[in-house]
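Beneath this line is the structure, given in structure tokens, with notes to follow.
Please read these numbers as outputs of a predicted model, since none were measured by experiment. Numbers here are sequence positions counted from 1.
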Amino acid sequence: MQKQWGKNRAHRAIALAVAAVLTLGLCAGMPGGVAMAAYEGPGEQAPEDAAQAFLIAMRDEDVQGAIAAFAIERYMAQYDLEQALQTYMVYPASKDGLFPATTPMLAAFGVELRHTQVVDEIIGLFTLFHAYDQMENGGAFTGGYVTFKGDDMNAQITAFADAFAASVAKLKTIEVTGFVPPETLSEVYGSARNLENMARIGKARGAEEYRSVVARFTIAGEPFLLLCDVARYGDAWYMVTTHGNIGSLLGVGAQIGAVPESAFQ
């Protein structure tokens, strides 16, 4: 056991060292010419601040700011594959499968993969804002598709496509109005079993603290809830995912990070 622990500690030290070099942009001269972009920002002082920073960036149409609210380089530098496998008990051998940053190439590809995952989440959230009231089979709560049918199908398609510009304009009206304690939405959230599960997830993601944040905000006056997970790396808090543990407990679909507050009424 002691030998294995030492081995794991050595791997972690290598991963941290590699990621640190990559983050500083000093890896261009390494074998293979590996280089990596820096995506994440300095982080925030409190869990709620991380969620708010993301929403404000969306309001300001600040693409880089929205991405920078997420843990990306730190996430991958401290990602613990062995702990992740113990937590999820499955490894997706696909584009969704992350890996330890034990070499410069793996570290660089890992950061790019994590960046892509973050962008996918943000795009999914924006699509929700545009179409949540038109989705079938549960709409904004479970995700799904918007279908076009009937004699006026072409007109429906034109109107839907044209409305994206209006949706962008609505994002400028985002106003963060407060935060809701997750345990008030789900009694299970604060249970010992769920907190242990979140601790395992946080450990796999290299975080020193890991929790859900529920941010209340409005778009054009309509109230929404962002159901996200955030994590602390060092002294800084970052967004980890728009679809947090509290969202799963509430039955919100895996691709949905925010829902109209009216869904809970």
So does [Y] get a backbone contact from the side chain of [X], meaning a donor-acceptor N/O pair under 3.5 Å?
| X | Y | result |
| --- | --- | --- |
| Thr177 | Arg216 | yes |
| Gln156 | Lys149 | yes |
| Glu222 | Pro260 | no |
| Arg59 | Glu61 | no |
| His243 | Val252 | yes |
| Glu40 | Glu73 | yes |
| Glu175 | Thr218 | no |

Problem set entry | Atom CZ of Phe109: over 12 foreign heavy atoms under 6.0 Å | no

Exercise. Is the number of heavy atoms from other residues, nucleotides or ligands under 6.0 Å of Gln45 CD greater than 12?
Worked result: no

Working to the nearest 0.5 angstrom, can you tell me the gap between [X] [atom1] and [Y] [atom2]?
| X | Y | atom1 | atom2 | result |
| --- | --- | --- | --- | --- |
| Tyr39 | Glu112 | OH | CD | 3.5 Å |
| Leu195 | Arg200 | CG | CZ | 11.0 Å |
| Glu187 | Asn194 | CD | CG | 12.5 Å |
| Thr241 | Tyr75 | OG1 | OH | 8.5 Å |
| Lys172 | Ile219 | NZ | CD1 | 14.0 Å |
| Asn245 | Ile201 | CG | CD1 | 6.0 Å |

Problem set entry | Test side-chain hydrogen bond (donor to acceptor under 3.5 Å, both in side chains) applied to Asp229 and Tyr210, step by step | CA-CA 7 Å; Asp229 275 357; Tyr210 192 89; 2.9 Å; yes

Closest heavy-atom pair and its distance - [X], [Y]:
| X | Y | value |
| --- | --- | --- |
| Ala53 | Glu44 | CB-OE2, 3.6 Å |
| Trp237 | Ala50 | O-CB, 3.8 Å |
| Pro181 | Phe179 | CD-O, 4.0 Å |
| Ser212 | Tyr189 | N-OH, 3.0 Å |
| Val240 | Val230 | CG2-C, 3.9 Å |
| Ala66 | Ala57 | N-CB, 3.3 Å |

Exercise. Would you call the rings of Phe224 and Phe217 parallel, tilted or perpendicular if under 30° counts as parallel and over 60° as perpendicular?
Worked result: parallel

Exercise. Under the side chain to side chain contact (heavy atoms under 4.5 Å, CB included) criterion, do Leu249 and Leu185 qualify, and how do the steps go?
Worked result: CA-CA 9 Å; Leu249 294 177; Leu185 297 177; over 6 Å; no

Exercise. Under a single-linkage definition using a 4.5 Å side-chain heavy-atom cutoff for Ile, Leu, Val, Met, Phe, Trp and Tyr, are Val176 and Met58 assigned to the same hydrophobic cluster?
Worked result: yes

Exercise. Mind checking whether Ile56 and Val213 sit in one hydrophobic cluster, side chains of I, L, V, M, F, W, Y counted as touching below 4.5 Å?
Worked result: no

Exercise. Is NZ or CZ of Arg74 both nearer than 6.0 Å to the six-membered ring centre of Tyr233 and within 45° of the ring axis?
Worked result: no

Exercise. Where do Thr242 and Phe70 land on the side chain to side chain contact (heavy atoms under 4.5 Å, CB included) test, with the steps shown first?
Worked result: CA-CA 10 Å; Thr242 59; Phe70 285 78; 3.9 Å; yes

